[in-house]
Amino acid sequence: MNMEMYFKYLFVMAGVTYLLRAVPFILLKGEIKSPFWKSFLNYIPYTVLSAMTVPAIFYATDSRLSGVCALLTAVVASLFGGGLVTVAIVACVTVLGIDGAALLF
Amino acid sequence: MSFLKGLKDGSPIGLGYFAVSFSFGIAGAKVLTWPLVTLISMTNLTSAGQFAGLQIMADAAGTLVEMAIASFFINLRYSLMAISLSQKVDANFGTGKRLLLATGITDEIYAVSMSQDGKVSARYFLGLSTLPYVGWALGTLTGGICGEILPAMVTNALGVALYGMFIAIVVPPMKGSRPTCVAVAIAIALSLSFRYVPALSGVTVGFAIIICAVVASLVCAFFFPMRESGDDSHEEAA
């Protein structure tokens, strides 16, 4: 990507993100009361992260198999109460193990 | 409520951010050089938004409009936090200070601010935001450089760390909340459709994420509106 395009992207991304924080912070005094919109905003982080993870994780590694296994081990580690860093390490070790083994055999 | 107390309260957030943004740096090194990846973190301070932004930059068909819409929906929850935080700050936290410190409104910094007894001062909020910001920038820098130096197999393995963290954020609330399970299931089903249904494969990455997230969230907000406010309950990083 050329630098001009990068800075345009950066400007748009940072500008929108900043305005979303700054404008309500200085202007709005009331709270959002509508349960519908409150719920919508509560669901957004989870739906965004899910949509970004599946199926992208299948294509993030050297083989389809290691990507699928990383998803499974990460979900299991998380179900057993693993925190952010623990689950991330479990996913990395899974990929290293499977793609490393594929190199050896 | 002093600057130093803010620094102390922000230090665990800073450590956590370092780990997450390290993974962002690794992912970013596949697309951009390390100074450019670090600059994204220094100007945005938002994990999901930055990652979606990176995917749009990497997509040859991505557009600026897509970037604006994706950033808007993914980061819209910060507006909700900003509104609620504006009720919590003290009288000296004026418009100028708010404009300067607004970037510090992230899930974790917001949650810690709201958990304080009494009003939040600008000094405390500055202290609270400082180490998370530094951790976020340094983590990206370190990850970006490691991503360029380390062999591809290692960076590919490290690249799933960010997905691992996303999974660690999404799975715990699913255990206690069936509506969250439904929301996640709809988002994943739509996301799979955009990838594998030929008629939909023309949709660019950024719009696919926007549509998946907005449709799944709207459907669940309609069928399962939450009773509790709960707007500080998720543990998303930045």
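Below, chains carry the letters A, B, ... as their sequence lines are ordered, and counting in each starts from 1.
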Undergrad: Nearest heavy-atom pair of Ile44(A) and Ala213(B): which atoms, and what distance?
TA: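 Taking Ile44(A) first and Ala213(B) second, the nearest heavy atoms are CD1-O, 4.0 Å.
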Undergrad: If you count heavy-atom pairs within less than 4.5 Å of chain A, which of Leu218(B), Leu162(B), Leu192(B) leads?
TA: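 Heavy-atom pairs under 4.5 Å are most numerous for Leu218(B).
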Undergrad: Applying side chain to side chain contact (heavy atoms under 4.5 Å, CB included) to Val214(B) and Phe40(A), what does each step give before you reach the verdict?
TA: CA-CA 8 Å; Val214(B) 171; Phe40(A) 173 76; 4.2 Å; yes
Undergrad: If you count heavy-atom pairs under 4.5 Å between each of Ile210(B), Ile186(B), Val215(B), Val184(B) and chain A, which one has the most?
TA: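 Option with the top pair count is Val184(B).
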Undergrad: Could you check which of Ala157(B), Ala187(B), Gly164(B) has the highest count of heavy-atom pairs closer than 4.5 Å to chain A?
TA: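 Most heavy-atom pairs under 4.5 Å with chain A: Ala157(B).
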Undergrad: Less than 3.5 Å apart, any donor N or O on the side chain of Asn156(B) or Thr61(A) sitting next to an acceptor on the other?
TA: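 No, no side-chain donor-acceptor pair sits under 3.5 Å.
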Undergrad: Among Val76(A), Thr53(A), Thr73(A), Leu49(A), find the one that has a side chain to side chain contact (heavy atoms under 4.5 Å, CB included) with Ile167(B).
TA: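 Per the side chain to side chain contact (heavy atoms under 4.5 Å, CB included) rule, the option paired with Ile167(B) is Thr53(A), out of Val76(A), Thr53(A), Thr73(A), Leu49(A).
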Undergrad: With side chain to side chain donor-acceptor pair (under 3.5 Å) as the rule and sequence neighbours excluded, what pairs involving residues 162-187 of chain B come up?
TA: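 Listed once each, the pairs are Ser177(B)-Thr180(B).
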Undergrad: What part of Ile56(B) is in contact with chain A, defined as an atom under 4.5 angstrom from a non-hydrogen atom: side chain, backbone, both or neither?
TA: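 Both backbone and side chain.
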Undergrad: Walk me through it: do Lys97(B) and Ile26(A) pass the test side chain to side chain contact (heavy atoms under 4.5 Å, CB included)?
TA: CA-CA 10 Å; Lys97(B) 289 173 187 163; Ile26(A) 56 171; over 6 Å; no
Undergrad: Counting only heavy atoms from other residues, nucleotides and ligands, does the tally under 6.0 Å from CE of Met153(B) exceed 12?
TA: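 More than 12 heavy atoms, drawn from other residues, nucleotides or ligands, come within 6.0 Å of this atom.
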Undergrad: Determine whether a donor-acceptor pair (N or O, by modelled atom type, separation under 3.5 Å) exists between the side chain of Arg21(A) and the backbone of Ile105(B).
TA: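 Yes: the side chain of Arg21(A) pairs with the backbone of Ile105(B).
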Undergrad: Under 4.5 Å between any side-chain heavy atoms of Ser78(A) and Pro172(B), yes or no?
TA: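 The answer is yes; the side chains approach within 4.5 Å.
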Undergrad: For Asn75(B) and Val16(A): C-alpha separation, side-chain torsions, deciding distance, then whether side chain to side chain contact (heavy atoms under 4.5 Å, CB included) applies.
TA: CA-CA 9 Å; Asn75(B) 295 320; Val16(A) 170; 5.9 Å; no
Undergrad: Counting heavy-atom pairs closer than 4.5 Å to chain A, which one of Gln55(B), Met174(B), Met67(B) comes out on top?
TA: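 Counting heavy-atom pairs under 4.5 Å, the top option is Met67(B).
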Undergrad: Would you mind listing every salt bridge (charged side-chain N to carboxylate O under 4.0 Å, His left out) that reaches into residues 4-16 of chain A, with sequence neighbours excluded?
TA: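 Listed once each, the pairs are Glu4(A)-Lys8(A).
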Undergrad: Just so I know, are the side chains of Pro173(B) and Tyr46(A) near enough to count as touching, which here means a heavy-atom distance under 4.5 Å?
TA: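 Counting from C-beta outward, Pro173(B) and Tyr46(A) do come under 4.5 Å.
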Undergrad: Taking every heavy-atom pair that is under 4.5 Å apart, which of Ala70(A), Gly97(A), Ala56(A), Gly67(A) has the most such pairs with chain B?
TA: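 Maximum pair count with chain B is reached by Ala56(A).
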Undergrad: With Arg195(B) as the cation and Phe58(A) as the aromatic partner, state whether NZ or CZ is under 6.0 Å from the six-membered ring centre and within 45° of the axis.
TA: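 Because its charged atom misses either the 6.0 Å distance or the 45° angle limit, Arg195(B) does not stack over Phe58(A).
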Undergrad: Which atoms of Pro179(B) come close to chain A, meaning under 4.5 Å heavy atom to heavy atom: side chain ones, backbone ones, both, or neither?
TA: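 Backbone plus side chain of Pro179(B), per the 4.5 Å heavy-atom cut-off to chain A.
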Undergrad: To the nearest 0.5 Å, tell me how far Ser50(A) OG sits from Phe166(B) CZ.
TA: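 Here the interatomic distance stands at 10.5 Å.
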Undergrad: I'd like to know which of Leu190(B), Thr103(B), Thr95(B) tops the heavy-atom pair count under 4.5 Å against chain A.
TA: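 Sorted descending by pairs with chain A, the first entry is Thr103(B).
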Undergrad: With only heavy atoms counted, which part of Val89(B) is less than 4.5 Å from chain A, the side chain, the backbone, both or neither?
TA: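 Contact with chain A is through the side chain of Val89(B) alone.
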Undergrad: So what's closer than 4.5 Å to chain B heavy atoms on Ala77(A): side chain, backbone, both or neither?
TA: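 Neither part.
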Undergrad: Please answer whether the main-chain N or O of Gly62(B) pairs with a side-chain N or O of Tyr9(A) as donor and acceptor at a distance below 3.5 Å.
TA: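 Such a contact is found between Tyr9(A) side chain and Gly62(B) backbone.
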Undergrad: Does Phe11(A) CZ have over 12 foreign heavy atoms under 6.0 Å away?
TA: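 Not more than 12 within 6.0 Å, no.
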Undergrad: Is the distance between the ring centroids of Phe93(B) and Phe25(A) less than 6.0 Å?
TA: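 Between Phe93(B) and Phe25(A), the centre distance is under 6.0 Å.
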Undergrad: Please give me the minimum heavy-atom distance between Cys92(A) and Leu158(B), naming the atom from each residue.
TA: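 Of all heavy-atom pairs spanning Cys92(A) and Leu158(B), the closest is SG-CA, 3.8 Å.
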Undergrad: Would Tyr18(A) and Leu99(B) count as a side chain to side chain contact (heavy atoms under 4.5 Å, CB included) if you check the C-alpha gap in whole Å, the side-chain angles of each, and the deciding distance to 0.1 Å?
TA: CA-CA 9 Å; Tyr18(A) 176 74; Leu99(B) 287 174; 3.6 Å; yes
Undergrad: I need the minimum non-hydrogen distance between Ala51(A) and Cys212(B), along with the two atoms involved.
TA: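 It is CB-CB, 3.6 Å.
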Undergrad: Search all heavy atoms of Leu84(A) against all heavy atoms of Met165(B) and return the closest pair with its distance.
TA: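 Looking at all heavy atoms of both residues, the closest pair is CD2-O, 3.4 Å.
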Undergrad: Tell me, for Ala68(B) versus chain A, whether the close heavy atoms (under 4.5 Å) come from the side chain, the backbone, both or neither.
TA: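 Both backbone and side chain of Ala68(B) come within 4.5 Å of chain A.
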Undergrad: May I ask you to check whether Ser217(B) and Thr47(A) show a side-chain donor-acceptor distance below 3.5 Å?
TA: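 Indeed, the side chains of Ser217(B) and Thr47(A) share at least one donor-acceptor pair under 3.5 Å.
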Undergrad: Considering only heavy atoms and a distance below 4.5 Å, find which of Asn44(B), Thr43(B), Val219(B) pairs most often with chain A.
TA: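 Answer, by heavy-atom pair count under 4.5 Å with chain A: Asn44(B).
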Undergrad: Report which part of Tyr196(B) has an atom under 4.5 Å of a heavy atom belonging to chain A: side chain, backbone, both, or neither.
TA: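 Only the side chain of Tyr196(B) comes within 4.5 Å of chain A.
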Undergrad: Quick check: closest heavy atoms across Pro24(A) and Ala82(B), and the distance to 0.1 Å?
TA: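 Reported closest heavy-atom pair: CB-CB, 4.0 Å.
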Undergrad: Relative to chain B, which segment of Leu71(A) carries a heavy atom at a distance below 4.5 Å: side chain, backbone, both, or neither?
TA: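 Backbone plus side chain of Leu71(A), per the 4.5 Å heavy-atom cut-off to chain B.
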Undergrad: Looking only at non-hydrogen atoms, find the nearest pair between Leu10(A) and Met57(B) and report the distance.
TA: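 Of all heavy-atom pairs spanning Leu10(A) and Met57(B), the closest is N-CE, 4.1 Å.
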Undergrad: For a 4.5 angstrom cut-off between non-hydrogen side-chain atoms, does Met5(A) reach Leu64(B)?
TA: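 Yes, side chains in contact.
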